[in-house]
2 protein chains.
Amino acid sequence: MTTPEINTWQGVQEEVRRRITQRVWRPGEFIPHEADLAAEFGCARATVNRALRELAEAGLLDRRRRAGTRVAVNPVRKAQLEIPVIREEIVAKGQAYGHRVLSREMPVPPAEVAARMQVAPGRKLLHLRTLHTADGAPYVYENRWINPEAVPAVLAEDFSAISPNEWLVREVPFEGGDFTFSALSAGGAEAEVLSCPAGTGLFVLDRTTWTGAGMITSVRLVFHPGYRMHTRL
Amino acid sequence: MTTPEINTWQGVQEEVRRRITQRVWRPGEFIPHEADLAAEFGCARATVNRALRELAEAGLLDRRRRAGTRVAVNPVRKAQLEIPVIREEIVAKGQAYGHRVLSREMPVPPAEVAARMQVAPGRKLLHLRTLHTADGAPYVYENRWINPEAVPAVLAEDFSAISPNEWLVREVPFEGGDFTFSALSAGGAEAEVLSCPAGTGLFVLDRTTWTGAGMITSVRLVFHPGYRMHTRL
DNA sequence: AAGTGGTCTAGACCACTCC
DNA sequence: GAGTGGTCTAGACCACTTA
């Protein structure tokens with residue numbers, strides 16, 4: 001049995017992956033220590049560490065100090081979704097991007113929105129309803145609340161030339177975000193804006209974004225019928 | 001100006017993050033080379049490298065050899081979704097998990113399914129329709145096709161004690177997967193199985209899984225009304 | 001108390017890409 | 001050709017956990 005040296009972390013990772021998928025190391029079993037693997041592959045322990053660390057992050061391995069490393073029993077499937085910038089997504093498909101503001105108001109928000117944005121009840125928020133289109137056809141209906149205390153400049157912008165999303169990305173340094181994916185049945189408003197029959201199942205993305213200073217914006221994106229979000233593992 | 005030493009990669013990362021979000025380094029700008037940063041922070045270049053590499057993977061930095069490192073203009077938002085094992089998700093909420101097989105057949109699949117599973121037209125596939133319940137209430141309607149040539153043992157299993165998903169995870173070493181998230185409007189079948197009115201918007205996850213040897217299974221999970229998938233950034 | 005993974009260092013060479 | 005990030009090494013110490 002030849003044992004050619006493996007001295008790149010990619011190589012080590014590949015070999016370890018192989019041993020896991022081919023059940024050389026079975027789920028729940030301990031695998032050799034880093035030092036042993038380093039000796040076997042003829043490389044430094046740091047190289048083995050780099051390879052195993054990534055596999056652990058991917059959920060294929062469970063690592064604990066003193067205990068050792070074992071093959072995960074339930075490999076957690078983590079799908080990495082890329083949240084698209086609507087305009088770029090449409091342009092990438094070779095379609096013409098369009099965007100228009102349906103309404104722009106400054107009301108006292110419903111209690112649920114005030115809670116989500118963590119503002120005192122009775123404070124007014126900027127409320128924008130806009131539509132993104134692809135080749136003129138409705139693509140995404142955007143329903144957004146913006147906290148003008150966190151982003152004062154927003155009051156001077158009319159969003160005729162740039163969508164609120166892109167404006168915010170450019171102007172405000174985010175620190176965190178919160179995403180929820182779900183589905184809804186088109187009510188009157190969605191049906192009209194997206195030109196689809198009431199009752200159509202629609203894909204929905206709710207997103208809330210903040211900085212250290214507080215909540216910036218909370219948006220609901222309602223996608224056109226048939227929209228899919230895709231990823232590969 | 002004191003410049004306390006930073007000699008952990010987490011510390012370096014935090015400081016670099018701060019300089020990006022506070023616009024000390026502005027979008028599109030080059031940041032100092034690894035060697036310079038290492039000198040500034042009083043740590044090894046490898047430590048800086050580890051910190052910056054992760055930020056680049058997260059989409060906050062663009063790195064290129066010879067060119068250098070710059071702050072990303074469009075920070076790509078990548079949301080990492082954890083695909084749940086249904087049973088565990090339900091149990092984690094303190095509810096009682098249940099599962100039952102609605103139908104189990106071995107038909108020639110529709111052309112669309114045959115294409116997705118990459119089997120010759122006319123070959124039969126195992127078709128399973130099952131329901132996962134939480135405290136007795138419908139949770140997920142699972143519509144699955146399995147390639148018996150890739151997993152012969154599947155023909156001997158009746159899935160009364162274990163769901164197809166968990167059985168497959170345990171028996172078959174996956175190599176890759178393909179996920180699509182979307183929404184549909186409940187038709188007669190979904191409405192009946194999930195006990196909801198026809199026309200309800202439902203969250204859908206389509207998943208196809210394979211090994212090097214070929215396609216294993218293709219499944220559509222239709223979640224109960226109101227289901228949400230959540231992640232934080 | 002001991003053994004494991006987690007990390008840092010200093011130095012080195014390599015791969016890629018821009019000039 | 002030269003300069004940047006990408007990676008490997010050998011050694012060391014630390015943090016955590018379990019026996």
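Letters go in sequence order (proteins before strands), and every chain restarts at 1. Note that these values count all heavy atoms, side chains included, but never hydrogens, waters or copies made by symmetry.
Counting only N and O atoms by type, the side chains of A:R144 and A:T217 include a donor and acceptor under 3.5 Å apart. When only modelled atom types and interatomic distance are considered, A:S160 and A:D158 share a side-chain donor-acceptor pair under 3.5 Å.
Atom CZ of B:R63 and atom P of C:dT17 are 15 Å apart (whole Å). Rounded to whole Å, atom P of C:dC18 lies 9 Å from atom CZ of B:F30. Straight-line distance from the CD1 atom of B:I31 to the C1' atom of D:dT4: 12 Å, rounded to whole Å. Atom-to-atom, CZ of B:R53 to P of C:dT7 comes out at 11 Å; the value is rounded to the nearest Å. Between A:L37 atom CG and C:dT4 atom P the separation is 12 Å, expressed in whole Å. Look at CG on A:N7: it is 11 Å from P on C:dA15, rounded to the nearest Å.
Here A:E166 does not pair with A:R170 in a salt bridge; the nearest charged N to carboxylate O distance is not below 4.0 Å. Salt bridge B:E14/B:R17: absent, no basic N to carboxylate O contact under 4.0 Å.
No donor-acceptor pair closer than 3.5 Å links the side chain of A:D135 to the backbone N or O of A:A137.
Here the nucleotide nearest the side chain of B:R66, chosen from C:dC8, D:dC8, C:dC19, is C:dC19. With C:dG6, C:dC8, D:dT4 as the candidates, the nucleotide lying closest to the side chain of B:H33 is D:dT4. In the set D:dC8, C:dC8, D:dT7, the nucleotide with an atom closest to the side chain of B:N49 is D:dT7.
In terms of phosphate contacts, A:R50 brings a side-chain nitrogen or oxygen within less than 4.0 Å of OP1 or OP2 of D:dT7. Of the side-chain N and O atoms in B:R65, none sit less than 4.0 angstrom from OP1 or OP2 of D:dG3. A:T69 has a side-chain polar atom (N or O) that falls below the 4.0 Å cut-off from OP1 or OP2 of C:dG5. Residue B:Q10 has no polar side-chain atom (N or O) positioned under 4.0 Å from OP1 or OP2 of C:dG6. For the pair B:T47 and C:dT9, the criterion of a side-chain N or O lying under 4.0 Å from OP1 or OP2 is met. Of the side-chain N and O atoms in A:R64, none sit less than 4.0 angstrom from OP1 or OP2 of D:dC16.
B:R45 comes within 4.0 angstrom of a nucleotide base, judged by non-hydrogen atoms across all strands.
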